[in-house]
Every structure is written in C-alpha cells, then in structure tokens.
Amino acid sequence: MKKTLLILVAMFLPHGTFGNALPAENATDSKKALIFSRISRATSGVKTLASDFLEEKHVAMLQEPVFSRGRFYFENPDRLRWERIEPTPSGFAIQGNKAKRWRGQHGEPKVFELHEAPGIKSFADQVFAWVRADFEWLERGYRIRVVQEDPVVLKLVPLSSSEKNYLNHLRIVFASDLSHVRIVEIHERDGDFTRLRFMNIVVNGPRPKDLF
Amino acid sequence: MASRLFCFSCLYDFFSRRRFLLFAAFLTILLVSVAALRELDIHQDIQSMLPDDQSEVAEDFRLLQHAPFARKIIINLKGGPAATSRDLIETADRLAGAMTPPFFSRTLSGPPVIPKRELFSWLIRALPNLVTVQDMEKVGAGIHPERVGRQLRDIFRRIISLEGLASKELMRKDPLELHHMALEKLRFLSPVQKARLKNDHFLGGPKGKNILLMADTPIEITDSRGSIELLKHFQDLARATVPHHIKVSLISGHQYAAANAEAVQRDLFIVLGLSFLAILAIFLLHLRSWRALFVFMVPLSAVSIAAVGVSLIYTRVSAITIGFGSVLLGISVDFALHVYYALRHRARNPALVMAEVSRPVLFGGLTSMAAFGVLLFSSLPGQRQLAVFSMVGIGASLLISLVALPHLIRPGPGSLPPVRSRFLQGARLPRKWVLCGWLLFLGLCAWPATCIRFDTDLRSLSLVPAELRHGEEEIRKTWGDVRGRAVIFAQGPNLQSALEANDRLFAYLSQRIPQRQITSLAPIFPSALTQKINSKRWTGFWQREKKERLRTLLAEGGKEQGFSPDAFAPFFAYLSRPPSPIVSADLRALGLGELLDSMVIENEDQVLVLTLVPDTPEIVALFDHPHVMLQGVCLVSQTRFGEIVGKAMVHDFLHFVLRASLVVLCLLGLLFRRPGKVLYALVPVATGLAFMFAVMGLFGIGFNLFNIVAAILIIGLGVDYGIFTVCKLSEGYDHATDRAIFVSGLTTLAGFGALVLARHPALHSIGLSVSLGVCAAIPSALLVIPALYQPNAGRNAPMGKSRR
C-alpha cells in the first residue's frame with residue numbers, strides 16, 4: 001500500500017490563497033484524468049499512514065546544503081503530525097480543529113485552534129484533499145501538469161500571486177509502479193530548492209499513543 | 001374709567017352684521033390650514049436641536065461629527081461558554097456578509113488585511129523616515145556579537161523550516177528585524193484599545209469570547225425614522241445569522257435616535273390623550289355648555305394655522321417643534337376662556353364686553369408672544385422654529401378669540417355654572433395672612449433655589465433605555481471607550497502643515513500620557529519635515545564605522561552558522577540607498593486608504609488630522625492653557641463639549657430671561673403705565689419661577705436646555721395671570737376673571753401635568769417645571785395680588801369699584 005504515500009505530496013504544497021479554476025486543456029486532460037484516477041484508486045482505503053523523511057535544502061544564503069530528518073503520521077479523517085527530529089527538533093500535530101506546536105526536544109507544546117494558524121491549516125487542508133484525491137480542489141490552487149508518465153512526474157505551478165512571489169513550482173516524482181511518491185521538490189523563484197525523500201512507509205499500521 | 005380697546009368693540013359690531021362673511025373667512029383659513037397640514041414635510045431628526053451658528057458650541061459639534069466612531073455602528077458578538085473563537089469568527093463573517101446596502105455601506109470585522117510580505121517590505125522601506133532617537137538607541141544596542149549571534153541562529157532555524165519559504169527574502173533584507181520597530185508604530189493606528197487580532201478579526205474580553213464588528217451606514221444618526229428601520233433590519237439579520245449561544249449587542253447614535261423617537265411618540269399619545277380627557281373634564285365641570293366646544297376649538301385651530309405658518313418660513317419642519325409647540329399652545333386656550341367667561345358672566349352688550357376684555361387678553365397674548373420671541377435669537381434652529389410656531393399660534397388664537405369667538409358665544413346671566421370654591425366666590429383671606437404666608441413661602445424657596453445646578457450633560461436630555469446603557473457599558477468594558485474618546489484636531493492650510501501640527505501634538509502627548517493611550521498618524525505618517533529629520537538621523541547613524549562593524553559581526557557569526565558571505569548583501573544595499581519619503585499614496589497602496597481618510601479630513605481651505613485620546617479630565621486639562629507645541633491644535637471631547645454647552649446654556653438662559661423680562665416689562669409699562677401695577681402683574685411670574693427653582697434645587701433636579709423654554713413659558717403664563725388680575729382690580733369690571741384664571745390655570749396644568757408622566761426626559765422635564773411654576777403662579781395671582789393691591793396704586797382706578 002505504499003502508493004498511498006501520495007498524500008505526502010500535499011504536505012509540501014505551500015499555503016496560500018487560490019485563484020479560479022483553470023480552463024480545461026483538452027489535449028492533456030484525458031491523460032491527466034487517467035493518472036488522477038489511478039491515484040484516487042491508490043489512496044482509497046487509507047486509514048493511517050506513517051513515514052520517515054529526509055529533507056535537503058539548497059539555499060544560496062547557506063554555504064552548504066542542510067539535511068534534516070523527521071517523521072510523519074496521518075490518521076483519517078483529520079489527524080496529522082509533522083515532526084522534525086534532526087538537526088533541530090520541532091513540529092506540530094493536528095486533531096480536528098485543535099492543534100499544538102513545539103520547538104526543541106522538551107519544548108512545552110503550545111495549543112491553539114487550527115484556524116488561528118492559517119499556514120498550518122492550509123497545509124492540512126491540502127493533505128486531506130490529497131487523501132480524498134480531491135484534484136478539483138487542488139487544481140484551484142495549482143496548474144498541474146504531467147511532466148513524465150513512467151515514472152509519473154507532476155509539476156504544480158501556483159496560481160495565486162502571493163505564492164508566485166516566492167514559489168516557482170513543485171515537482172513530484174512517483175515510484176515507477178505508481179505505488180508511492182519518492183521525491184517532492186519545492187523550487188523557489190530565486191533558484192533555491194528543497195528536496196524531500198520518503199522512506200519506511202507504514203500504511204494502516206498501529207498508531208503510537210499520544211501522537212496528536 | 002376703565003381702559004378699553006374699542007377697536008374690538010367696533011370689529012364686533014362690524015361683523016355682527018356680517019357673520020356669514022366672518023365665519024366663511026375663518027372657516028376657509030381653517031380648512032386651508034388643515035388641508036395644508038397633509039402636505040407638511042415633518043422631519044423626525046434632531047438636527048434642529050443642534051446649534052447652527054458660528055459659536056464655539058456649534059464649531060465643536062461640527063468637529064465632533066468628524067470623530068471616526070461618531071457615525072459608526074459598533075456590534076459586539078459575545079460567545080457563551082460553548083462558543084469557540086472559530087464560532088465567533090464564522091458568525092461575525094456571516095453577519096458582516098449579510099449587512100449589505102441600502103442599510104449598510106460597509107462592515108469591518110478587523111483592520112485592513114495587508115499581505116505580510118508587502119507590509120514588511122514597505123515597513124523596511126519606510127523605516128528611515130520613522131525612526132526616533134529612542135529607536136536608534138535600540139538599534140545601536142542590537143549591534144552586539146551576542147545579539148547578532150542569537151539573531152543568526154533564529155534565521156537559520158527559520159530558513160530550514162517551512163516558514164523560510166516565504167520569509168527568506170525578508171531575512172536577507174533585514175537580519176536584525178528592524179521592521180519590527182515600524183510594525184510597532186502601526187499600533188498607533190488602532191482605534192480599538194483592548195482588541196487583539198486573530199485571523200484578521202478583532203477579538204477581546206475574557207478568553208477572547210467577544211468579537212467586534214464596525215459598520216458604516218448611509219442613514220444619518222439624526223434621522224430617527226431611518227434609524228428605526230435600520231435597527232429593525234439589523235435585528236432581522238441577527239436573528240437569521242447569529243446562533244442562540246452568541247449574544248449580539250449594538251451601539252450607535254441610531255439607537256438613541258430610535259429610542260427617543262419611539263418614546264416621544266408613545267409619550268405624546270399618552271400625554272395628549274390624558275390632557276385631552278383632563279381638559280374635557282375641566283370644561284364639563286366649569287363651563288357646562290355645548291358652546292364651550294368653540295373655546296375648545298380655538299387652540300386646535302391655532303395649532304393648525306401655526307404649523308402651516310412655520311412651514312411657509314422653514315422648508316423642514318421639526319417634529320419636535322410640532323410636538324412641543326402643540327403642548328405649548330395649550331396656553332392659547334386661556335385667551336378664549338377669558339373671552340368666554342367675560343361674555344357669559346352677565347347679560348351685557350357684547351361689544352362693550354369685548355372693549356373691556358380685549359385689552360388684558362391682547363396684552364396677555366402679546367407678552368406671551370414677546371416671551372417666545374426672544375427664542376428667535378437662539379443658536380438652535382429648533383428653538384427658533386418653536387418661537388415662530390408659538391408666536392404664529394398665539395397670534396392666531398388671539399385673533400380667533402377676539403374676533404370670531406364672540407359671535408359664537410351667547411351672552412347672558414346664569415349661563416355659567418355655580419361656583420363652589422370660596423375664593424372664586426369672592427371670599428378673601430385676611431390680607432396680612434396672605435402676605436405673611438407669601439413672604440414666608442418666598443423665603444423658604446430662596447435657599448433651595450440657590451442650590452439649583454445646571455445639567456450640562458446632553459445625554460440627560462435623551463432617553464437612554466437600561467438595555468442600551470448596559471450594552472454600552474459591556475462594550476466599553478470589553479473594547480475600551482471606543483466612541484467616547486476625545487478627538488484632537490491638528491489643523492493647517494495644507495496637508496503638510498497639518499501633519500507638522502500633528503507631529504508636535506504627538507510629541508507633546510507622548511511626554512505627558514502613556515503612548516498606548518494615543519491613536520495617531522504621527523508615528524507612521526509624519527510630516528515631510530519630520531521625515532527629513534528622521535532620515536538624517538538614520539543615515540547619520542549608519543556611518544561607515546557602524547555599518548562595517550555590523551558587516552563584520554554578521555560575516556563572523558554567519559560563518560559559524562554556515563551562512564554564505566553575501567547572505568545579507570541586500571541589507572547593506574538597503575543601508576546604502578538614500579531613503580525615499582513616505583507619501584499618502586504609499587499608505588493607500590498598502591490598503592490603509594480608508595483609515596487615512598478617517599483620520600485626515602481635507603476641506604477646501606483647511607486640512608484636519610485627527611488624534612484620539614481618552615476623554616479624562618486630566619488629559620482634557622492638558623489643553624486648557626496655550627502651549628507652543630499645541631499651535632494649530634484643537635481638542636473636542638464630550639466632557640469639554642458638555643462644559644461649553646453648560647456655559648452656553650447659562651449664557652442663553654440669562655440672556656433669554658433678561659430679554660423676555662425686558663420685553664414683558666415694556667409691554668406691561670405700555671399697558672399699565674404705573675410701576676406699581678407692573679410689579680403686581682409680575683407677582684405670579686416671580687412666585688412661579690421661585691417655586692420652580694426651589695423644588696428643582698431641593699430635589700436635585702438639573703436645569704437643562706428645555707427648562708429654559710419652561711422658564712420663558714412661566715414668564716409668559718404668569719404675566720398673563722398678573723395682567724388679568726391687575727386689570728380686574730384696577731379697572732373695576734367683573735368678567736369672572738378669577739374663574740377664568742383658575743380654569744385656564746387648570747387647563748394648563750392638565751396639559752403640562754400630563755407631561756410629567758412622559759418617559760422622555762425632555763418632555764418630563766418641561767412638564768414638571770412648567771407645572772411647578774403654574775401651581776405657584778395661579779394662587780399668587782388669585783390671592784397675593786389682591787392682598788398687595790392698593791387702590792391708589794393706579795390713578796385710573798374707578799372710585800368705589802377698585803376693590804371687591
């Protein structure tokens with residue numbers, strides 16, 4: 001069930017407001033629809049999901065790329081935990097409308113209502129949209145193009161002007177059998193980029209206590 | 001020989017042969033007036049009770065209208081225990097979305113939403129023009145290895161988080177987060193003191209269970225009918241959009257207008273109904289004739305004619321004029337009553353009776369008209385309109401009573417019902433007793449009368465229902481005194497000079513009160529002159545030495561953290577660029593245009609920049625004395641406005657009473673031509689006023705704007721009673737004057753006594769004070785003047801008939 005890893009893609013879609021839906025592009029629509037349909041099938045039946053991630057950041061401000069390691073948990077329909085372990089422990093957890101965030105290994109979590117942190121809310125909304133395979137909703141925020149079919153590579157270009165200010169596009173690379181996402185790349189306007197690799201995926205496995 | 005006016009006798013003779021013509025003429029005038037009433041453009045706004053001249057009161061009132069919250073509707077949503085802030089925000093958005101034209105032009109649930117990226121970029125750009133000496137000291141303290149190191153660690157943490165995506169550019173441009181200083185200055189633009197922002201909404205109160213909405217409406221707060229419709233529409237919207245566990249409170253001037261208009265309408269219905277019944281009962285008891293109906297018709301006709309008369313002079317007729325005027329015209333029945341009693345008392349030649357009675361009736365009417373006439377000099381258009389209405393009404397009443405009514409009353413003996421009252425039958429109390437009692441009464445009135453206080457609080461003239469007061473208190477507790485803050489206007493012939501005055505004002509206030517209490521444009525939009533000084537300070541600070549020191553600190557600290565050598569190159573490029581000045585277009589581009597318009601008022605020849613501060617005596621006192629930093633600055637506050645209104649009220653009262661007294665004295669002099677008689681005629685006035693002041697002083701009832709009208713009314717009524725009594729005593733004829741005074745006094749009391757039951761403070765106040773005055777004036781006219789009167793006081797007193 002590794003293909004359900006697709007939902008991870010959503011986590012790296014930067015938050016922002018969404019513009020109007022794009023007009024249909026007839027030539028590519030049928031191909032895209034087919035891939036979306038396969039993704040929909042792959043994501044159905046996911047109740048819980050856990051994964052490790054490795055993040056590499058290539059930022060011109062920094063002399064060397066920065067590597068981070070962390071773990072991600074999801075539980076249908078509205079629970080999410082994003083936890084960076086190295087180099088600086090930090091993260092957040094969402095449960096319905098409630099959320100908490102922390103900084104440092106023993107940092108006291110700060111509880112808040114999800115709508116009070118629009119960035120995290122937008123992030124969560126997108127994750128949940130991917131879980132439901134709600135491409136209609138995603139396409140309101142991004143122009144999605146199939147760059148490559150085998151393995152499937154999607155390119156997401158933001159539509160909102162606020163996101164366009166700093167984000168150029170997202171590149172999502174799937175496993176060749178479409179069973180899971182291998183890489184998510186966030187390309188910024190100034191040439192900096194972030195690459196995320198996912199590993200050790202557990203779908204519908206037992207959930208550790210007190211995660212959310 | 002009694003003084004007579006034979007013109008009315010002649011008129012009676014003339015029309016007695018042409019009654020059809022007379023009745024036809026009067027009926028035509030009356031019918032035309034009644035028909036014209038339907039076309040009357042009556043306005044229920046209170047604009048007419050606001051000064052319209054060039055006085056300080058008028059100027060302050062006009063300036064108060066510019067206060068940002070003067071015309072706004074403030075709505076508070078208070079969540080119950082079960083309500084979350086999300087519920088509140090969603091409800092507020094739903095309600096705001098439903099508040100659309102024509103009743104609402106705009107609804108805000110928070111400050112203007114400015115994209116953070118644009119805002120921060122602008123703040124960095126604007127900062128050199130805004131920095132103060134204290135700001136630069138803080139910047140200097142920040143150029144320290146430890147602080148720079150801490151800042152770099154924080155930047156690194158943010159860069160590797162999701163946050164870094166959107167804010168990386170800002171961190172390169174401003175590694176020391178200097179834009180926070182400019183951000184702090186934006187706080188000075190918030191007109192709501194106790195609000196905190198959550199999702200671009202104003203949240204406040206304990207646990208953030210309150211949310212604030214502010215709405216604009218095209219409906220004027222002085223438009224009571226529009227206000228009633230607006231509030232009803234809002235209640236419907238609130239019912240449809242707000243769940244039961246969230247309580248809605250609203251405050252705005254419209255609520256006061258609506259509450260007062262409804263109270264006046266309800267009061268007038270009750271008061272007019274009660275006074276009508278009371279007057280009918282008095283007529284039945286004392287007149288007992290169907291012809292008394294004609295007497296009853298006189299004031300009704302006079303009201304119609306007066307209303308039409310006013311509409312010919314003023315395009316907008318105030319409902320207050322019609323309402324109060326109708327009550328005031330209750331006095332016009334007095335003239336008809338005197339004519340009625342004179343004609344019905346004995347079977348005499350009506351022409352002769354008219355010659356005798358017309359003189360006191362005419363002068364009684366003229367003194368009342370003159371007393372009201374002084375209100376023509378008032379700065380309140382409503383009072384001027386009231387004067388015109390009363391003068392036209394009294395004039396019409398005099399004309400009807402002296403010309404038409406005599407032809408409708410059949411003279412004859414025994415036509416009046418028997419009198420049971422002893423003093424109305426002619427019995428008199430011993431003179432000494434009466435005089436001692438009167439002097440004792442005046443002496444007792446003297447002390448409490450001196451304790452009277454002038455009630456200058458304009459709010460005490462309006463009805464403030466308990467729920468409205470409670471709602472206002474709740475909003476004040478939750479959000480601070482949003483509506484009641486003092487407004488300071490920095491003035492200048494152009495924007496720059498007004499901004500310069502505003503800068504001086506801000507500096508003056510900052511040295512004297514906590515800055516958090518000030519809402520001002522000065523910190524974020526100073527004048528070009530101040531911007532130039534600030535920019536010079538900024539560039540002077542970043543001299544080569546400081547800049548290089550910071551560059552070294554960032555380079556060394558950055559190297560440790562792994563930053564590239566040119567990570568903060570944009571920051572140093574920014575420091576090297578000459579600052580560009582802030583102009584109003586910058587603020588508009590940022591989305592602050594509306595806020596700018598609410599704080600900068602540009603007229604043809606003047607620009608006003610507003611500053612808001614708490615309306616406390618301590619702050620208001622800061623503006624009592626001229627100060628070099630307060631040049632071109634003017635403070636307007638409810639407290640100060642109340643003081644000015646109070647002073648104006650005392651000034652108006654003294655002037656009106658003085659003028660009314662002078663005019664009345666002149667008319668009395670013309671009528672009696674003897675100082676003694678003039679003084680006798682003034683006995684009811686003095687007694688009535690003394691009693692009114694004494695009771696008001698004793699019970700702590702404040703003397704307000706409407707009591708000025710009441711005092712003038714007592715002068716007018718009291719002098720009428722005096723004239724009739726002195727005429728009767730000095731000229732020796734008997735027209736059942738005492739009974740006429742007594743009955744007319746009772747009818748006046750019926751009218752004004754009913755007003756005491758009114759809920760509206762203004763109606764209640766005028767009813768109470770006039771009733772008190774008339775209560776004392778009638779016995780003084782009937783008992784004291786005869787006791788005081790000496791036959792030789794008037795040379796023209798007829799021998800043997802001068803006293804009864």
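Numbered from 1 within each chain, the chains take letters A, B, ... in sequence-line order. All values below come from the heavy atoms of this structure, side chains included, with hydrogens, waters and symmetry mates left out.
- Classified by interplanar angle (parallel below 30°, tilted 30° to 60°, perpendicular above 60°), the ring pair His58(A)/Phe67(A) is perpendicular.
- For Asn165(A), the parts sitting under 4.5 Å from any heavy atom of chain B are the backbone and the side chain alike.
- Using a cut-off of 4.0 Å between Lys/Arg side-chain N and Asp/Glu carboxylate O, Arg189(A) and Glu169(B) are scored as not salt-bridged.
- Options Thr84(B), Ile89(B), Ile155(B) differ in how many heavy-atom pairs under 4.5 Å they form with chain A, and the most are formed by Thr84(B).
- Between Lys559(B) and Glu556(B) no salt bridge is recorded (no basic side-chain N to carboxylate O distance below 4.0 Å).
- Note: Asn97(A) leads Val59(A), Leu114(A), Asn97(A), Asp190(A) in heavy-atom pairs under 4.5 Å with chain B.
- Applying the side chain to side chain contact (heavy atoms under 4.5 Å, CB included) test between Thr48(A) and each of Val202(A), Asn76(A), Asn204(A) identifies Asn204(A) as the sole match.
- Contacts between Arg86(B) and chain A at a heavy-atom distance below 4.5 Å involve backbone atoms as well as side-chain atoms.
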